[in-house]
Amino acid sequence: MLDLKRQYGPLHQELLEALDHVLQTQQFILGEPVAAFERAAAAQLGVAHAIGCSSGTDALWLALAAAGIGPGDAVVTTPFSFFASVSSILRAGATPVLADIDSTTFNLNPAAVEKVLEGPKSTGVKAILPVHLYGQPVDWAAFARLGKEHGIKLIEDAAQAWGAEWKGVKAGGLGEIAAFSFYPTKNLSAAGDAGMVTTHSDELAERVRALRQHGMRRRYHHDEVGWNARMDGFQGAILGVKLKYIEGWNDARRTVAERYESLFRAAGLAESGSCPTHGIVLPRVISGTRHVWHQYVIRSARRDALRDFLASRKIGSEIYYPVPLHMQAALKPLGYKEGDFPEAERAAREVLALPIFPELREDEQLTVVAAIAEFLS
Ligand SMILES: Cc1ncc(COP(=O)(O)O)c(C=O)c1O
């Protein structure tokens with residue numbers, strides 16, 4: 001599915017030097033290695049502020065808390081994402097309100113969000129939290145319109161989308177504030193847990209910086225209750241090195257995705273529409289977006305059998321996500337039930353992520369495509 005050792009090989013020496021610098025300077029928490037990464041990250045994304053923190057989950061919580069989301073507020077998001085997209089809203093003390101996804105992109109559907117905003121669940125809605133799932137930005141024009149019309153904030157979950165763009169603007173700079181994850185499997189990855197909050201706003205950035213160290217602006221003077229959500233020096237140093245290569249890695253992922261597309265089409269396996277019957281439905285790039293292919297996700301009507309077949313051939317695959325969030329045991333108190341979000345539920349039954357990473361070779365892709373062809377025949 002993912003061979004991180006192929007990325008480490010060529011970077012070995014450079015990473016060791018960066019880590020040694022942290023050891024020499026003994027700046028283990030925040031400090032210059034993190035600050036240098038933050039400056040370079042902000043410049044690359046075209047945002048005024050990039051604030052390193054301890055994980056993508058903490059980045060989401062920091063973004064929500066800094067944006068003033070708390071008890072009594074509600075935030076609209078997707079039922080088809082990693083758990084943290086919803087749990088961070090609960091951690092902020094607010095109520096998640098869910099809306100179904102788009103069948104083509106798997107992203108939050110703006111039309112479904114609009115229905116929520118015009119219905120009984122609109123009470124207390126202060127923000128929309130769209131997730132750029134699999135590395136493809138959501139339909140930002142539609143969300144920007146909704147934000148404006150309803151006077152609510154837009155907070156991006158850009159955990160899977162470092163480098164992705166909507167009409168030339170990078171994810172992380174689209175909404176008021178955004179959260180990234182550098183979990184080791186992400187396109188831009190740390191050697192452990194790490195995350196980042198980005199924003200154009202000086203005021204929000206200042207609040208995030210305080211919240212990530214217990215609401216402390218002056219040493220041991222706490223203005224509000226924050227949390228320990230700081231980034232480690234080692235992670236900042238590693239991310240600072242990898243940041244120089246991420247654009248090239250994202251381009252390589254695009255090459256892999258395009259090659260899958262042409263191989264599947266040439267083999268006659270690709271079906272049109274979004275409902276697979278005999279073949280597979282390929283992922284689609286929406287015009288105006290720059291997809292960074294965090295995942296390459298196909299749909300299959302016989303997904304579980306296909307996955308077992310690939311496993312028998314020692315081909316990795318993964319299901320992101322097998323259980324939609326409204327059907328998670330921990331989220332039962334939200335009061336949703338099976339059938340509430342049919343597209344999210346169908347996606348959970350049909351999606352299968354195939355191996356994709358910058359160093360994936362053409363012969364390996366041919367093996368994947370041949371195995372799927374054999375299964376479908
Ligand atoms: C969409 C999404 N949101 C949030 C997160 C949380 O990030 P982390 O695992 O770094 O806490 C992840 C990553 O796992 C994610 O994929």
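A quick note: this is a predicted structure, and the numbers were derived from the prediction, not measured. Atoms within a ligand are numbered from 1 in the order they appear, just like the ligands themselves.
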**Q.** Residues in salt bridge (Lys or Arg N to Asp or Glu O under 4.0 Å) contact with D20, at least two apart in sequence or another chain
**A.** none
Q: State whether the number of non-hydrogen atoms from other residues, nucleotides or ligands found under 6.0 Å of R145 atom CZ is greater than 12.
A: yes
Q) H132: heavy atom below 4.0 Å from ligand 1, yes or no? A) no
(Q) Geometry only, no angles: is K186 polar-contacting ligand 1 at N/O separations under 3.5 Å? (A) yes
Q. Are E258 and R254 close enough for a salt bridge, meaning some N to O gap below 4.0 Å?
A. no
Q | D193-ligand 1 polar pair, N/O distance under 3.5 Å | A | no
Q: Could you tell me whether V131 approaches ligand 1 through its side chain, its backbone, both or neither, with non-hydrogen atoms closer than 4.0 Å?
A: side chain
Q | Heavy-atom nearest neighbour in the protein, as seen from atom 3 (N) of ligand 1, with distance rounded to 0.1 Å | A | D157 OD2, 2.8 Å
(Q) Looking at E14 and K242, is any side-chain nitrogen of the basic one under 4.0 Å from a carboxylate oxygen of the acidic one? (A) no
Q: Run the ring-centre check on Y336 versus F341 and record whether the distance is less than 6.0 Å.
A: yes
Q. Purely on distance, is any nitrogen or oxygen of S81 under 3.5 Å from one on ligand 1?
A. no
Q) For residues 341-350, which residue pairs qualify under side-chain hydrogen bond (donor to acceptor under 3.5 Å, both in side chains), counting only residues two or more places apart or in two chains? A) S274-R346, R299-E350, H326-E345, E343-R346, R346-E350
Q. Of all the non-hydrogen atoms in the protein, which one sits nearest to atom 16 (O) of ligand 1, and at what distance?
A. Q160 NE2, 2.9 Å
Q: Report, in ascending order of atom number, the atoms of ligand 1 lying under 4.0 Å from any heavy atom of G56.
A: 6 (C), 7 (O), 8 (P), 10 (O), 11 (O)
Q: Output the distance between atom CD (Q295) and atom OH (Y134), rounded to the nearest 0.5 Å.
A: 8.0 Å
Q. Do the side-chain N and O atoms of N187 and N250 include a donor-acceptor pair separated by under 3.5 angstrom?
A. yes
Q) When you look for heavy atoms under 4.0 Å from ligand 1, do you find them on the side chain of L60, its backbone, both, or neither? A) side chain
Q. Nearest protein heavy atom to atom 11 (O) of ligand 1, by residue and atom, and its distance?
A. T57 OG1, 2.5 Å
Q | Closest protein heavy atom (residue, atom, distance) for atom 2 (C) of ligand 1 | A | A159 CB, 3.4 Å
Q: Could you check atom 5 (C) of ligand 1 against the protein and tell me its nearest heavy-atom contact, residue, atom and distance included?
A: F82 CD2, 3.6 Å
